[in-house]
Engineer: 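One structure follows; several queries about it will come next.
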Amino acid sequence: MISQVQAKAVIATAILLCGSAHVESFIQPDSSTGAIRTRTATITSSTSLHKQRPDNEATTETSPSVISGGATADELAWQENNNPFTTAPDDTSSAAAATADWIKQDFESQSSTASFPSANQEDDQKSQLLTNGPIRGPTNVIVYDTTLRDGTQMESISVSCADKLKISQRLSAFNVDYIEAGWPGSNPKDEEFFHRAQTELDAKTKSKLVAFGSTRRKRIQAKDDAQIQKLVECGAPTVCIVAKAHLWQVTDIIRADPSENLDMISDSVSYLTSLGIDVMVDLEHYFDGFKFNEEYTLKCCDAAVKAGAKVLVMCDTNGGSMPWEVDEITKETVEKFGNLATIGIHCHNDCGLAVANSLTAAKAGVGLIQGTINGIGERTGNADLCSIVPSLALHISSKMTCNDNLDEITSLSRYLDETLNRTPDRGAPFVGNSAFAHKGGLHVAALERSPDSYQHVDPSKVGNKLRVLISELSGRQNILGKMKKLDMDMDEKTSADRSLVILERVKKLESMGYTFEGADASVELMILHSTQHYCLPFRVLDYTAQVYDTDVDSASRVMSKMENDKTTNGGTVTKTNLARATVNVRVLDDPNHEEDEFLDRLEVAEGNGPVDALANALKKALVPSHPELENLQLIDYKVRILDPAAATAAATRVMIEFKDIKTDRQWTTVSVDRNIISASLNALVDGFEYALKDVVAGCVIEDFE
């Protein structure tokens, strides 16, 4: 068996033994048999010049008969007639000629039965995707993620090199097929990424990396183009280059001759493939170009395929194509080139159709879909893989390498948002917090009989969960569903009676300005408080909050605060605390929760505002008795004025989101009061109590009076 590395070594040996010869060859596995074959372009000896193929013969055919890897029958015939192993120069030494014959015979005898080897299973997977012939959708679909390149072009998104490495590993663990990690020729950060990837990423992740770039510049050879050389040097096994496929864009935007643009495509692809790099071509403005001048757009495809491109990606660059247009153009493209290369799709969401267009293209035969996690991308975003992948897997039954990890896609979506410091889209299909949330009483009653009554898929298949919302629109079934989730120990009649009481309380509170749709923790506490066996893990007896300042003049106050900022040795700025809170609580005296003895604890803490100071004081008072609260974090604080016309007497709604950093569990509480400090403290108390509801049992603070 002969490896690709060994095959290249054979050619290198031929160079050494044949004098100062210059060989340009490309070795790759055959797409049908897996056997290694070689494509030799030219060979030049120091003593004679062999027959060379004219440069202009590469793109003269319009309907090439491709054997494999983009080589046409004419190309292979030319290679046979001009092969240095079969046509030796007259003045080459007999020893060199004999050596060349031996190399040829040995190479052919091994490659005739050899399968293309790989260093590990991941390389096998990559090789299978690229060399076992074109992929045709929707039966089989390759998932190509461009979050780290096109996704980062979205407004207000910035990602560090370290975060790109972490996201790459997470995408690889989910098992997307390709990870387009950046454009090494465009900025230092992406160059740093590919450099660090060689030592900091595992073999599986590295095998999936794609470097993005463009075709060579006008009036220059690909081998002399600095940007092309960056692609070669970055070490990525696959390269995706963007090329203009719209005649007007060629003539009026980049101001190139149409034939020169075709040469730019052909020269760039052939140069990269000659180095053993797998090449995909993003055909920019493909659908608009097809409608403008179909013949020229198809010539761009032809140039790329002849040069050896593995994938032709049709790009809806401006995001204005309609699904029926995508369907028609895709079918025609697949018919002409689908047997020569895998056809891909890259959609933008300017009309809100990126997902629909991607799925339409897959149904029409596209075998590779480009997109981003959560649909991030320039302008209005790219096609959302968090919608596309589940739709293909669950509604179309497409085979994808990530199918086995589908139940991790919600976690992947939230991981990306957290890493990029974005607020998750609650309404996102499949992965949003509201994707399987039900509010209407009739819906919930139907779901009790069959989960399929108001759900298109089982939420657990995508790692999400069903949620029953509580509001004034809710029915008794919503409350009963919550009570069943809490495993309440009561008979059916008692449950029914209490659910009605709680529902009436919810409706009354919502009429006062409360909202419980995003505050499940407050609802659960309301239910727990209605039972006889639940008692409070602590009680706030009284509190005070003070805010103080040094100057009341606005301009002077701002300057004073800036001057009083403290800078540590590490350069971190810590603002001067301008609030102090005192909290008096009644708590368990035993931190192991084994004895029912209580004490009153008074604590004082400072903060950057009254709410921050109250949170710090409350935590300080509770942690000695409840060490679990050390893991508690406040991650969001929202305030809304409910009746602005009442001015400073307006009612205020406060919602606070908490997180247990040890278990990664999150919950939200809500409170309403005309005193914003009181509303905030009530929401804080509910949040701390909710964190303790599962660890404190049998407390009897209510009886300790």
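On a predicted model such as this, the values are computed, not experimentally measured, just so you know.
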Engineer: How close do Ser391 and Leu359 get, counting heavy atoms only, and between which atoms?
Structural biologist: CB-CD1, 3.9 Å
Engineer: Checking side-chain contact (heavy atoms from CB on, under 4.5 Å) for the pair Leu148/Ser168: CA distance, chi angles, key distance, verdict?
Structural biologist: CA-CA 8 Å; Leu148 297 178; Ser168 296; 3.2 Å; yes
Engineer: Looking at CZ of Phe688 and CD1 of Ile656, how far apart are the two atoms once the value is rounded to the nearest 0.5 Å?
Structural biologist: 9.0 Å
Engineer: Look at the side chain of Thr380 and the backbone N and O of Asn349, then say whether any donor-acceptor pair between them is shorter than 3.5 Å.
Structural biologist: yes
Engineer: Within the side chain of Thr419, is there an N or O that forms a donor-acceptor pair under 3.5 Å with the backbone of Tyr415?
Structural biologist: yes
Engineer: Side chains of Glu418 and Pro424: does their closest heavy-atom pair fall under 4.5 Å?
Structural biologist: no
Engineer: Rounded to the nearest 0.5 Å, what separation is found between the CG atom of Leu385 and the CZ atom of Phe174?
Structural biologist: 8.5 Å
Engineer: For Pro429 and Ala435, work out which heavy atoms get closest and say how close.
Structural biologist: C-CB, 4.4 Å
Engineer: Determine whether Leu416 and Ile376 make a side-chain contact, defined as any pair of heavy atoms from C-beta on separated by less than 4.5 Å.
Structural biologist: yes
Engineer: Where is the tightest heavy-atom contact between Ala679 and Val654, given as atom of each residue plus distance?
Structural biologist: CB-CG2, 3.9 Å
Engineer: For Glu689, is there an ion pair with Arg539 - N to carboxylate O distance below 4.0 angstrom?
Structural biologist: no
Engineer: How would you list, by chain and number, every residue that makes a side-chain hydrogen bond (donor to acceptor under 3.5 Å, both in side chains) with Lys189, sequence neighbours excluded?
Structural biologist: none
Engineer: Just how far is it from atom CD of Gln370 to atom CE of Met314, taken to the nearest 0.5 Å?
Structural biologist: 11.0 Å
Engineer: Would the distance check show the side chain of Asp282 and the main-chain N or O of Glu284 forming a donor-acceptor pair, the cut-off being under 3.5 Å?
Structural biologist: no
Engineer: Verify salt bridge (Lys or Arg N to Asp or Glu O under 4.0 Å) between Asp407 and Lys461, making sure each step is shown before the conclusion.
Structural biologist: CA-CA 5 Å; Asp407 60 354; Lys461 290 185 176 180; over 6 Å; no
Engineer: So does Leu622 get a backbone contact from the side chain of Ser625, meaning a donor-acceptor N/O pair under 3.5 Å?
Structural biologist: no
Engineer: Under 3.5 Å, is there a donor-acceptor pair between the side chain of Asp150 and the main chain of Thr146?
Structural biologist: no
Engineer: Considering all heavy atoms of both residues, which atom of Leu420 and which atom of Ser158 are nearest to each other, and what is their separation?
Structural biologist: CD2-O, 4.4 Å
Engineer: Applying ring pair (Phe, Tyr, Trp, His ring centres under 6.0 Å) to His456 and Phe430, what does each step give before you reach the verdict?
Structural biologist: CA-CA 10 Å; His456 66 111; Phe430 293 102; 5.1 Å; yes
Engineer: Looking only at side-chain N and O atoms, does Ser680 offer a donor or acceptor that is under 3.5 Å from a partner on Tyr637?
Structural biologist: yes
Engineer: Would you say Arg196 has more than 12 foreign heavy atoms packed within less than 6.0 Å of its CZ?
Structural biologist: yes
Engineer: Ignoring hydrogens and angles, tell me if any N or O in the side chain of Ser398 forms a donor-acceptor pair with the backbone of Pro138 under 3.5 Å.
Structural biologist: yes
Engineer: Does the Thr330 side chain pair with the main chain of Asp327, one donor and one acceptor, at a distance under 3.5 Å?
Structural biologist: no
Engineer: Residues two or more places apart in sequence or in another chain: which of them pass side-chain hydrogen bond (donor to acceptor under 3.5 Å, both in side chains) with Glu325?
Structural biologist: Lys291
Engineer: Do side-chain atoms of Thr147 reach the backbone of Ile373 as a donor and acceptor pair under 3.5 angstrom?
Structural biologist: yes
Engineer: Can you tell me which residue pairs pass the side-chain hydrogen bond (donor to acceptor under 3.5 Å, both in side chains) test with a partner in residues 357-367, sequence neighbours excluded?
Structural biologist: none
Engineer: Can you confirm whether Glu657 sits close enough to Gln666 that some side-chain heavy atom of one is under 4.5 Å from a side-chain heavy atom of the other?
Structural biologist: yes
Engineer: In chain order, what residues pass the side-chain hydrogen bond (donor to acceptor under 3.5 Å, both in side chains) check against Ser160, with sequence neighbours excluded?
Structural biologist: Asp163
Engineer: Counting C-beta onward and ignoring hydrogens, is there a side-chain heavy-atom pair between Ile676 and Val639 closer than 4.5 Å?
Structural biologist: yes
Engineer: Should Leu394 and Val462 count as side-chain neighbours, where that means a heavy-atom distance under 4.5 Å?
Structural biologist: yes
Engineer: Determine whether Val389 and Met400 make a side-chain contact, defined as any pair of heavy atoms from C-beta on separated by less than 4.5 Å.
Structural biologist: yes
Engineer: Under a 4.0 Å threshold between the charged nitrogen and the carboxylate oxygen, would Asp177 count as salt-bridged to Lys208?
Structural biologist: no
Engineer: Can you confirm whether Asp636 is buried at CG, in the sense that more than 12 heavy atoms of other residues, nucleotides or ligands lie under 6.0 Å from that atom?
Structural biologist: yes
Engineer: Say whether, by atom type as modelled, one donor and one acceptor occur between the side chain of Ser671 and the main chain of Asn682 under 3.5 angstrom.
Structural biologist: no
Engineer: Would you indicate whether Lys331, at its atom NZ, is surrounded by more than 12 heavy atoms from other residues, nucleotides or ligands within a distance under 6.0 Å?
Structural biologist: no
Engineer: From Tyr144 OH over to Cys240 SG, what is the distance, rounded to the nearest 0.5 angstrom?
Structural biologist: 4.0 Å
Engineer: Under the side-chain contact (heavy atoms from CB on, under 4.5 Å) test, which residues partner Ser413, sequence neighbours left out?
Structural biologist: Asn374, Cys386, Asp417, Val431
Engineer: How about Gln169 and Leu165: do any of their side-chain heavy atoms sit closer than 4.5 Å?
Structural biologist: no
Engineer: Please lay out, stage by stage, how Asn318 and Phe287 fare under the test side-chain contact (heavy atoms from CB on, under 4.5 Å).
Structural biologist: CA-CA 9 Å; Asn318 293 349; Phe287 293 97; over 6 Å; no
Engineer: Going by the rule side-chain hydrogen bond (donor to acceptor under 3.5 Å, both in side chains), which residues pair with Lys206 if we only count those two or more places apart in sequence or in a different chain?
Structural biologist: none
Engineer: Taking atom types as modelled, find out whether Asp316 and Ser321 have a side-chain donor-acceptor pair closer than 3.5 angstrom.
Structural biologist: yes
Engineer: Quick check for you: to the nearest 0.5 Å, what is the distance between Cys347 atom SG and Leu353 atom CG?
Structural biologist: 9.0 Å
Engineer: Search all heavy atoms of Val334 against all heavy atoms of Val366 and return the closest pair with its distance.
Structural biologist: CG2-N, 4.4 Å
Engineer: Side chains of Met280 and Leu368: does their closest heavy-atom pair fall under 4.5 Å?
Structural biologist: yes
Engineer: List the steps and the verdict of side-chain hydrogen bond (donor to acceptor under 3.5 Å, both in side chains) for Asn405 and Asn175.
Structural biologist: CA-CA 7 Å; Asn405 301 317; Asn175 217 12; 5.6 Å; no
Engineer: Verify side-chain contact (heavy atoms from CB on, under 4.5 Å) between Val313 and Leu283, making sure each step is shown before the conclusion.
Structural biologist: CA-CA 6 Å; Val313 182; Leu283 295 159; over 6 Å; no
Engineer: Can you tell me if Arg170 and Ser411 form a side-chain donor-acceptor pair at under 3.5 Å?
Structural biologist: yes
Engineer: Quick check on Glu408: does its CD atom have over 12 non-hydrogen neighbours (other residues, nucleotides or ligands) under 6.0 Å away?
Structural biologist: yes
Engineer: Tell me whether Asp190 is salt-bridged to Lys164, with the criterion being a basic N under 4.0 Å from an acidic carboxylate O.
Structural biologist: yes
Engineer: Just how far is it from atom OG of Ser207 to atom CG of Asp202, taken to the nearest 0.5 Å?
Structural biologist: 8.0 Å
Engineer: Please determine whether a side-chain nitrogen of the Lys or Arg among Asp350 and Arg379 lies less than 4.0 Å from a carboxylate oxygen of the Asp or Glu.
Structural biologist: yes
Engineer: Set out, in order, the CA-CA distance, both residues' side-chain angles and the distance that settles side-chain contact (heavy atoms from CB on, under 4.5 Å) for Arg422 and Ser156, then state yes or no.
Structural biologist: CA-CA 9 Å; Arg422 299 178 73 239; Ser156 77; over 6 Å; no
Engineer: Are the side chain of Asp384 and the backbone of Gly375 linked by a donor-acceptor contact shorter than 3.5 Å?
Structural biologist: yes
